[in-house]
Structures are given as structure tokens and as C-alpha cells.
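The figures here come from the full heavy-atom set of this structure, side chains too, leaving out hydrogens, waters and symmetry mates. The first residue of the sequence shown is numbered 1, and numbering continues consecutively from there.
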Amino acid sequence: MSIRWGDIATFSTAALSAVATAGAWLAAHRSAKTADTVARIETDRWHADLTPQFDLDLVETGNGQALLNVHLGGPDALRRLDEVLIAVGNDDKDRTVVHPAGNVTQDDVDAFVWGPFRFSPRINGTDENGRGPEAFPLDVGTGQPRAMQRTRPARWMEGKSQAMWQGENAATPIRLILTCRRGDEEWVIARHVDNPPFNPQE
């Protein structure tokens, strides 16, 4: 059977057309991927540029009480936050209860604030353990105070005085996690606040 040159030319043209179409699709696909990548990079950069900038200042007011002044300093383009949620964190030690005793459970240990300060329970919507107050909005350039207090030894720490407990935490900073939201955007920011010297007469 012989193949006419006209058929060969038709087949060749069809093949080249298919290759060209595939090449065009591949180029368009790569272009779309590049555009998506660039858009994601720009979105991430914009999100990073709007990271809230806080000034946190702890002022003791006496008798183991203090005020944490939370000031949103910028950036100006952020304008405001719909929610600022603050929680006080623990020290770095593993607090897993390996051999639970009769007077302490893992829930007790998890609820306790392992650090020098906690938020004052039942003030500003703070839970009974002092982990953190309820969320609040904040405009750039403004601030709000939140009540804090020095932690005391847990009920199961028999024989440990307040001076002993605070002495153990003298070098431990106050660790705070701020979860900030504006619309669908969220920022989680970790900050340390210096632990002021403990006055044993408090």
C-alpha cells in the first residue's frame, strides 16, 4: 500500500498543530502557576508588613497586683484590630504528671500558671485560672490596661511560701501570646515582659 505525499503532509501538519497546542497549554499553565506564586508571595509580604506592633508595660500597684498596659503602636496601615486575645504562658519545663498523687491531677497542673504572674481571675472576663482575659478590639495608637497579679504556690505545694515560690521564678519572664484578628487575617505574636523584683513584704 502506498501513502500519498498529500496524506503525509496532512498528518505532519496535524501533528505539529497538536504539539503547538500542547506547548501553548503548557506555557499558559506555567504562566498561571507563576502568577499564583507571585500573588501568594505578595499576600504573605502584605500580611507580614501589617504584623501588629505592641508596647507592653507592666506596672505594679501593690499587694501583688499589677496592670499590664497593652498599646498597639502600629503599623499605621493596619488601622485597627477587631480582636486582641492575650494569654499568659508557662515556663519551659515538662509538666506531665507521671505518677499522679491523690491531691493533684494532670488537669490541675495544666490549669495552673507556671510563671511569676497571671491575669486577675474574673476581671475583664478572665477565667478562674488567670490564663487570660476575653478578647477586645484596639485601634492603632491606643491601648488598654489588663489586671494581673503575682502567682502563688499551688494548693498541692505544701510547705512552700510565697517568697519561696516567687524566688524560684525570679529569673522567669512573663510570657505572653497575643492572637490578633482583623477580618479574615490572623497574627499570633509571642512576647516576653520583664518580671519585676519581688518584694517579700507584699
S.K.: Are the side chain of D94 and the backbone N or O of T96 linked by a donor-acceptor pair below 3.5 Å?
M.R.: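 It does hold such a pair.
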S.K.: With a distance cut-off below 6.0 Å to the six-membered ring centre and an angular limit of 45° from the axis, does R146 pair with F136 as a cation-pi contact?
M.R.: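 Judged by the rule (NZ or CZ under 6.0 Å from the ring centre, within 45° of its axis), R146 counts as positioned above F136.
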S.K.: Do I86 and F54 land in one hydrophobic cluster if side-chain heavy atoms of ILVMFWY residues count as linked below 4.5 Å?
M.R.: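 Both belong to a single hydrophobic cluster.
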S.K.: Are L81 and V70 connected in the hydrophobic side-chain network, where two residues link if heavy atoms are under 4.5 Å apart?
M.R.: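 Yes: a chain of side-chain contacts under 4.5 Å links L81 to V70.
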S.K.: Within the supplied structure, the quantity of interest is the number of heavy atoms (other residues, nucleotides, ligands) at a distance under 6.0 Å from R79 CZ; does it exceed 12?
M.R.: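 12 or below, so no.
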S.K.: Would W156 and D108 count as a side-chain contact (heavy atoms from CB on, under 4.5 Å) here? Give the steps.
M.R.: CA-CA 9 Å; W156 63 84; D108 293 329; 3.7 Å; yes
S.K.: Nearest heavy-atom pair of N69 and P145: which atoms, and what distance?
M.R.: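 Minimum heavy-atom contact is OD1-CB, 3.6 Å.
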S.K.: Measure up the W187 and H47 rings against each other and bin them: parallel (under 30°), tilted (30 to 60°), perpendicular (over 60°).
M.R.: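 W187 and H47: parallel rings.
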S.K.: Taking all heavy atoms of G132 and all of F119, pick out the closest pair and write down the distance.
M.R.: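 Here G132 and F119 meet closest at CA-CD1, 3.7 Å.
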S.K.: Distance alone, cut at 3.5 Å: any donor-acceptor contact between the side chains of T105 and D107?
M.R.: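 There is no such pair between these side chains.
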S.K.: Under 4.5 Å between side-chain heavy atoms, hopping through other hydrophobics if needed: is there a path connecting L56 to V59?
M.R.: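 Different clusters: L56 never reaches V59 through Ile, Leu, Val, Met, Phe, Trp or Tyr contacts under 4.5 Å.
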S.K.: Do Q166 side-chain atoms and P197 backbone N/O form a donor-acceptor pair below 3.5 Å?
M.R.: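 Looks like no, no N/O pair under 3.5 Å.
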S.K.: Identify the two heavy atoms, one from P75 and one from T51, that lie closest to each other, and give their separation to 0.1 Å.
M.R.: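 Closest approach of P75 to T51: CD-O, 3.2 Å.
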S.K.: Can you tell me if E83 uses its side chain to pair, donor with acceptor, with the backbone of C180 under 3.5 Å?
M.R.: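 No: the side chain of E83 does not pair with the backbone of C180.
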S.K.: Taking atom CG of L85 and atom CZ of R181, what is their separation to the nearest 0.5 Å?
M.R.: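 Those atoms lie 6.5 Å apart.
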S.K.: State, to 0.1 Å, how close N195 and P116 come at their nearest heavy-atom pair, and which atoms those are.
M.R.: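 What the structure gives for the nearest pair is ND2-CB, 3.4 Å.
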S.K.: Distance-only, no hydrogens or angles: does the Q149 side chain make a donor-acceptor pair with backbone N or O of P121 under 3.5 Å?
M.R.: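 Not at all, since once roles are kept as given, no pair shorter than 3.5 Å links the two residues.
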S.K.: Could you pull out all residues at least two apart from D82 that satisfy salt bridge (Lys or Arg N to Asp or Glu O under 4.0 Å)?
M.R.: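 Result, salt bridge (Lys or Arg N to Asp or Glu O under 4.0 Å) vs D82: R80.
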S.K.: Donor-acceptor pair, distance only, cut-off 3.5 Å: does the side chain of T126 make one with the backbone of G130?
M.R.: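 Between the backbone of G130 and the side chain of T126 there is no qualifying donor-acceptor contact (under 3.5 Å).
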S.K.: Could you verify whether a donor N or O on one side chain and an acceptor N or O on the other, from N63 and R150, lie under 3.5 Å apart?
M.R.: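 Short answer, no.
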S.K.: Without swapping roles, check the side chain of T151 against the backbone of R118 for a donor-acceptor pair under 3.5 Å.
M.R.: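 No: the side chain of T151 does not pair with the backbone of R118.
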S.K.: Does any part of the side chain of V88, heavy atoms only, come nearer than 4.5 Å to the side chain of R131, both counted from C-beta?
M.R.: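 They are in side-chain contact.
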S.K.: Under a 3.5 Å threshold, yes or no: a donor from one side chain and an acceptor from the other, between D139 and T142?
M.R.: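 No - no donor-acceptor pair under 3.5 Å links their side chains.
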S.K.: Among the clusters formed by ILVMFWY side chains lying less than 4.5 Å apart, do V113 and L58 turn up in the same one?
M.R.: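 Per the 4.5 Å side-chain linkage, V113 and L58 are co-clustered.
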S.K.: Between D127 and R122, does at least one N-O distance fall below 4.0 Å, as a salt bridge requires?
M.R.: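 Judged by the 4.0 Å cut-off on N to carboxylate O distance, D127 and R122 do not form a salt bridge.
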S.K.: Is it true that atom CG of D49 has more than 12 heavy atoms of other residues, nucleotides or ligands lying nearer than 6.0 Å?
M.R.: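 Counting other residues, nucleotides and ligands, CG of D49 exceeds 12 neighbours.
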S.K.: Tabulate below the donor-acceptor pairs under 3.5 Å that side-chain atoms of residues 167-178 make, not counting sequence neighbours, or state none.
M.R.:
from, atom 1, to, atom 2, distance (Å)
E168, OE1, K160, NZ, 3.2
E168, OE2, K160, NZ, 2.9
N169, ND2, W165, O, 3.0
R175, NH1, D92, OD1, 2.6
R175, NH1, D92, OD2, 3.4
R175, NH2, D92, OD2, 3.3

S.K.: With side-chain contact (heavy atoms from CB on, under 4.5 Å) as the criterion, how do M148 and L68 come out once you've worked through the C-alpha distance, each side chain's angles and the decisive distance to 0.1 Å?
M.R.: CA-CA 7 Å; M148 297 193 81; L68 177 70; 3.8 Å; yes
S.K.: Any donor-acceptor pair under 3.5 Å linking the side chain of N90 with the backbone of W114?
M.R.: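 Checked: pair present.
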S.K.: Could you walk me through whether R182 and L78 pass the side-chain contact (heavy atoms from CB on, under 4.5 Å) check?
M.R.: CA-CA 9 Å; R182 192 191 73 167; L78 179 63; 4.1 Å; yes
S.K.: In sequence, state the C-alpha distance, the side-chain angles, and the governing distance for W46 and E185, and then conclude on side-chain contact (heavy atoms from CB on, under 4.5 Å).
M.R.: CA-CA 11 Å; W46 174 82; E185 296 292 319; 3.5 Å; yes
S.K.: Just wondering, do F112 and P153 contact through their side chains at under 4.5 Å, heavy atoms?
M.R.: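 The answer is no; the side chains never approach within 4.5 Å.
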S.K.: Do I189 and L50 share a hydrophobic cluster, counting only Ile, Leu, Val, Met, Phe, Trp and Tyr and linking them when any side-chain heavy atoms are less than 4.5 Å apart?
M.R.: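 Yes, I189 and L50 fall within the same hydrophobic cluster.
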S.K.: Counting N and O atoms only, with roles assigned by atom type, does the side chain of R155 sit under 3.5 Å from a partner on the main chain of N103, one being a donor and the other an acceptor?
M.R.: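 Indeed, once roles are kept as given, a pair shorter than 3.5 Å links the two residues.
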S.K.: Looking at F117 and A66, what are the two nearest heavy atoms and their distance?
M.R.: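 In this case the closest contact between F117 and A66 is CE2-CB, 3.9 Å.
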